[in-house]
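To keep things clear, I will list the structure first and then write my remarks on it.
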Amino acid sequence: MALCSIGRPELVTALSAVRAGDTDAVREVVIVDNAGGALDVPLLRSLLDPVPLRVLQGTGPAAAGRNLVLAQSRTDVVLFTDDDCVPTSSWVRELACFMVANPSVAAAFGAVEPDALPGARIRSVEIADVGVVAWGEASSSGDELWCPAISAPEWKPGIASGPPTVPWALVGSSNNLALRRSRMLSGRPPFLPALGPGTAAGSGEDTELGYALMAHGREIAYVPESLVFHHSWLGASAAERAKRVYFRGNVEALGCHVLNADQRAGQLLQAYLQHFCNVNGFADLGEVLEWGYGGHAVNATRTPLRK
């Protein structure tokens with residue numbers, strides 16, 4: 001299993017949970033250090049012992065770190081999570097067993113639920129021609145909280161079928177993901193280095209990979225028995241910034257396929273933009289793009305760029 005870490009405090013909890021669970025299928029844990037060498041490696045080794053730990057020095061972007069893991073992995077299947085997610089005791093076993101039982105699957109996504117808070121709930125909405133997206137909502141001390149990258153109750157377990165779409169509307173995201181290296185696409189890196197955390201896009205590396213795999217006929221799947229909890233409750237300001245980040249990642253992930261004359265990607269991007277405008281009150285494409293890439297607010301007047 002592997003993860004890229006910027007040194008979030010949940011990393012210790014996550015690794016402790018991995019060690020406390022079923023680790024028979026884990027050959028080693030690989031951490032890409034994106035914290036500039038600030039990780040307490042002796043502590044992390046002691047948490048995992050006797051499971052071997054290998055630390056690779058990252059260059060910043062999460063996509064580059066994940067590509068580094070896949071290039072240097074000693075196994076064909078690699079399980080990924082994030083350093084703000086805490087796996088359940090059966091996470092490794094369920095995801096690994098599914099990949100063993102289904103050798104044609106290129107990517108399997110496990111379930112993600114928000115970290116428990118009193119009154120927390122999962123919301124979901126269907127985007128026409130795209131799929132179902134979900135998120136967490138909660139209240140704490142009068143503040144409204146939002147948790148992204150959550151699994152939708154409507155998703156169907158097993159190997160996905162139907163036309164290619166974005167994985168976050170069908171099976172999941174890279175915070176709970178197994179990849180089979182031998183089924184990745186040739187002639188390109190698994191994760192595009194211009195997308196994801198640490199880049200100007202800010203996200204989208206897993207969106208692009210999931211879509212690309214489906215568009216090339218690779219099998220992907222949803223494995224709800226393999227569960228992690230996402231420790232990412234965001235207040236209003238942080239949630240607004242995160243929504244901008246996810247918007248940019250989705251636009252750029254699909255956009256790179258649109259520029260290559262992929263008609264299905266164009267359909268998905270059109271449906272996504274229309275949905276985003278409808279639910280957020282943006283009047284047109286100009287408003288939503290200026291919101292996503294600038295400081296525009298809903299119902300504000302756009303600043304003229306020339307007389």
Side-chain angles (χ1 to χ4, degrees), residues 1-75 77-96 110-117 136 140 145 147-150 172-179 181 191 196-199 202-203 205-206 226-235 238 242:
M1 67 155 286
L3 54 83
C4 299
S5 178
I6 58 173
R8 291 186 179 109
E10 291 86 358
L11 176 62
V12 168
T13 306
L15 294 183
S16 298
V18 169
R19 180 62 189 91
D22 187 341
T23 58
D24 289 347
V26 180
R27 179 167 178 177
E28 65 176 345
V29 173
V30 180
I31 296 177
V32 177
D33 182 357
N34 284 334
L39 297 182
D40 188 342
V41 176
L43 171 63
L44 302 182
R45 289 192 195 282
S46 68
L47 293 174
L48 287 169
D49 186 65
V51 178
L53 170 65
R54 186 158 50 112
V55 178
L56 305 176
Q57 291 304 311
T59 57
R66 292 189 182 127
N67 289 338
L68 180 64
V69 169
L70 291 167
Q72 297 195 17
S73 175
R74 294 162 181 163
T75 59
V77 173
V78 180
L79 276 56
F80 288 95
T81 188
D82 289 345
D83 66 354
D84 62 353
C85 291
V86 176
T88 57
S89 60
S90 61
W91 172 65
V92 169
R93 182 183 70 250
E94 295 290 351
L95 204 49
V112 182
E113 294 182 4
D115 183 35
L117 280 181
S140 178
L145 304 178
C147 183
I150 299 303
S173 303
S174 58
N175 54 358
N176 190 354
L177 169 65
L179 291 180
R181 296 164 64 221
F191 294 97
T199 71
S203 70
E205 80 290 359
D206 48 355
S226 180
L227 173 65
V228 304
F229 293 98
H230 196 189
H231 288 229
S232 187
W233 286 109
L234 306 176

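The shortest heavy-atom contact between A149 and V112 is O-CG1, 3.2 Å. Among all heavy-atom pairs drawn from W91 and F80, the shortest one is CZ2-O, 3.8 Å. Shown here for M1 and T81, the closest heavy-atom pair between the two residues is CE-CG2, 4.1 Å. Here the shortest heavy-atom pairing between G196 and E205 reads CA-OE1, 3.0 Å. When all heavy atoms of A2 and V69 are compared, the pair lying nearest together is CB-CG1, 3.5 Å. Of all heavy-atom pairs spanning V228 and P87, the tightest one is CG1-CA, 3.7 Å.
When side chains are defined from C-beta on, F229 does not count as touching T13, because their heavy atoms never get closer than 4.5 Å. The closest side-chain heavy-atom distance from P148 to H230 is below 4.5 Å. Side-chain atoms of Q57 and V55, non-hydrogen and from C-beta on, do get closer than 4.5 Å to each other. Within the 4.5 Å cutoff, no side-chain heavy atoms of C85 are placed close to those of N176. By the 4.5 Å heavy-atom criterion applied to side chains, C147 and D115 are not counted as neighbours.
Atom OG in S174 sits 11.5 Å away from atom CG in L3 (nearest 0.5 Å). Note: N34 CG to T59 OG1 = 7.0 Å, rounded to the nearest 0.5 Å. Distance CD1/I6 to CG/D33: 11.0 Å, rounded to 0.5 Å.
For the pairing with V12, the side-chain contact (heavy atoms from CB on, under 4.5 Å) check across D40, D83, L47 returns one residue only, L47.
In this structure, the side chain of N175 does not engage the main chain of D82 through any donor-acceptor pair within 3.5 Å. Judged by distance alone, the side chain of R27 and the main-chain N or O of R74 form a donor-acceptor pair under 3.5 Å. The closest donor-acceptor contact from the side chain of R181 to the backbone of T75 lies under 3.5 Å. Looking at R19, its side chain does come within 3.5 Å of a backbone N or O of D49 through a donor-acceptor pair. The backbone N or O of L53 lies less than 3.5 Å from a partner atom in the side chain of R45, making a donor-acceptor pair.
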For this session: For side chain to side chain contact (heavy atoms under 4.5 Å, CB included), just list the numbers for V30 and S73, CA-CA rounded to whole Å, side-chain angles, deciding distance to a tenth of an Å, and then say yes or no.
Result: CA-CA 9 Å; V30 180; S73 175; over 6 Å; no
Exercise. Going through the distances and angles, do L15 and I31 end up as a side chain to side chain contact (heavy atoms under 4.5 Å, CB included)?
Worked result: CA-CA 10 Å; L15 294 183; I31 296 177; 3.7 Å; yes
For this session: Could you check V29 against L44 for side chain to side chain contact (heavy atoms under 4.5 Å, CB included), going step by step and ending with a plain yes or no?
Result: CA-CA 10 Å; V29 173; L44 302 182; over 6 Å; no
Problem set entry | R8 vs H231, side chain to side chain contact (heavy atoms under 4.5 Å, CB included): CA-CA, chis, key distance, verdict | CA-CA 10 Å; R8 291 186 179 109; H231 288 229; over 6 Å; no
